[in-house]
Number of protein chains: 2
Amino acid sequence: MVDEVTEQLNRAFAALADPTRRDLVARLAGADATVGELAQPYGMSLQAVSKHVKVLEEAGLVVRSKEAQRRPVHLDAEVFDLMTKWIERYRREAEQRYQRLDAVLDRMAVSEGDTSEDQTS
Amino acid sequence: MVDEVTEQLNRAFAALADPTRRDLVARLAGADATVGELAQPYGMSLQAVSKHVKVLEEAGLVVRSKEAQRRPVHLDAEVFDLMTKWIERYRREAEQRYQRLDAVLDRMAVSEGDTSEDQTS
DNA sequence: GTCATTGTCAACCGTCTGGTTGATAACGCT
DNA sequence: AGCGTTATCAACCAGACGGTTGACAATGAC
C-alpha cells in the first residue's frame with residue numbers, strides 16, 4: 001500500500017470536485033434517497049447518476065444498503081473529518097506564518113536603517 | 001456566470017485531489033518558495049511542477065508575486081475557509097440527522113410490542 | 001551585448017472522466 | 001411464470017488531466 005490516507009484524500013477531494021456530486025451530498029445530508037430519486041432533478045440519465053454515486057461510495061462519503069431492489073444511499077460523514085483536518089492543519093500553519101511575518105515586519109520597521117544585504121534567508 | 005462560488009469550489013477541490021499538489025500546499029504552508037525549489041524533491045520536470053502551481057493559482061489557493069525572474073509562490077489560505085465551510089455544513093446536517101435517527105429508534109424501542117406492519121416509513 | 005538562470009508556452013501522448021445508449025440482473029407483484 | 005421497476009454493467013466517445021520534450025521570454029551578471 002502506498003499510503004491509505006493519501007488515496008482516501010485523493011478520492012474524497014476528487015469526488016467533491018464535481019458540482020453534481022456536491023449537490024448529491026447536499027441532498028443526502030437532508031435525507032437518504034434511492035438512485036432513482038436522486039436522478040430526478042438532473043437532466044441526466046439514471047446511469048450517469050449511478051456512476052456518480054459509485055464515485056462517492058468509493059470515496060467513502062456514502063454507503064449503499066441493499067434493500068430489495070432499491071439501494072438507499074446514505075451519507076457517511078466520517079471522511080469529511082479527514083478532509084477538514086487536512087485543510088485546517090495547513091490553513092492554521094499558513095496563518096501563523098502570516099502573523100510571524102507581521103512580527104518580522106514590525107521588527108524591520110524598528111531597525112529601519114539597516115541596509116546590509118547579507119541575510120539570504 | 002453560472003455561479004462563482006460553485007466554480008471556485010470545483011477548482012479548489014479538484015486542485016487538492018492531486019497528491020503532488022497537496023504536498024506543494026503542505027510545503028508552502030511552512031514557507032514561500034520558487035518553482036525551482038518546489039520542483040526539487042519530485043522526480044518530475046520543472047514544467048510539470050509549473051503546471052501544478054498554475055492549477056493551485058487558478059484555484060485561488062496560491063499567489064505568485066513577480067520578483068525579478070523568480071516568482072515566489074505564497075499560500076493563500078482564504079479559499080480553505082470556503083471549503084471547510086461547505087464540508088462542515090453538510091457534515092453537521094448529517095450528524096444531526098443521525099442523532100434524530102437515534103431518537104426515533106429509542107421511541108420504537110419503547111413501543112416494542114407493536115407488531116403491526118402498516119407503517120411503511 | 002552575451003550568457004546563464006528561471007520559468008512559461010506549445011505540442012504531443014496515454015489515461016482518466018463524465019456523459020451517452022443498449023443489454024442485463026435482481027427483486028416485487030399478480 | 002411473466003411483467004414492471006430499479007439499478008448496474010459494458011462499450012463507446014469527446015474532452016480534461018498529468019506528464020513529457022523543445023522552444024522561447026525575462027531578468028541579472030559579466
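Note on naming: letters A, B, ... go to the chains in the order of the sequence lines (proteins, then strands), and numbering restarts at 1 for each one. All values below come from the heavy atoms of this structure, side chains included, with hydrogens, waters and symmetry mates left out. All figures in this text were calculated on a predicted structure; none of them were measured in a lab.
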Could you tell me the separation between the [atom1] atom of [X] and the [atom2] atom of [N], rounded to a whole number of Å?
X	N	atom1	atom2	result
B:Leu56	D:dC17	CG	P	13 Å
B:Phe13	C:dT17	CZ	P	17 Å
B:Asp23	D:dG18	CG	P	15 Å
B:Tyr42	D:dG18	OH	C1'	15 Å
B:Leu38	C:dG7	CG	C1'	12 Å
A:Arg21	C:dT17	CZ	P	9 Å
A:Arg22	C:dG18	CZ	P	12 Å

From the list [options], which nucleotide is the closest neighbour of the side chain of [X]?
X	options	result
A:Ala48	D:dG19, D:dT8, C:dG19	C:dG19
A:Met44	C:dT20, D:dT8, C:dT8	C:dT20
A:Lys51	D:dG19, C:dG19, D:dT8	C:dG19
A:Thr34	D:dA7, C:dT8, C:dC9	D:dA7

Look at the side chain of B:Ser50 and the backbone N and O of B:Leu46, then say whether any donor-acceptor pair between them is shorter than 3.5 Å.
->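 The answer is no, because no donor-acceptor pair under 3.5 Å joins these two groups.
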
With a 3.5 Å distance limit and no angle check, can you tell me whether B:Arg11 reaches the backbone of B:Glu58 through a side-chain donor-acceptor pair?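 Judged by distance alone, yes, a pair lies under 3.5 Å.
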
What heavy-atom pair brings B:Ala15 and B:Leu56 nearest, and what distance separates the two atoms?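 What the structure gives for the nearest pair is CB-CD2, 4.1 Å.
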
Are OP1 or OP2 of [N] and a side-chain N or O of [X] less than 4.0 angstrom apart?
X	N	answer
A:Lys54	D:dC9	yes
B:Thr20	D:dG18	no
B:Ser50	C:dT8	yes
A:Arg64	D:dA7	no
B:Ser45	D:dT20	yes

Whichever of B:His52 and B:Gln47 has its nearest DNA chain D nucleotide further upstream toward 5':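 The 5'-side residue here is B:His52.
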
Open item on the list: Between A:Arg97 and A:Glu93 (salt bridge meaning N to carboxylate O under 4.0 Å), is one present in this structure?
Closed with: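 Salt bridge absent between A:Arg97 and A:Glu93.
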
| task | Please tell me which of B:Leu46 and A:Gly43 maps to the more 5' nucleotide of DNA chain C, matching each residue to the nucleotide holding its nearest heavy atom. | result |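 Its nearest nucleotide lies further toward 5', so the answer is B:Leu46.
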
*Carefully, step by step, assess B:Met83 and B:Leu9 under the rule side chain to side chain contact (heavy atoms under 4.5 Å, CB included).*
CA-CA 7 Å; B:Met83 301 179 76; B:Leu9 285 173; 4.3 Å; yes

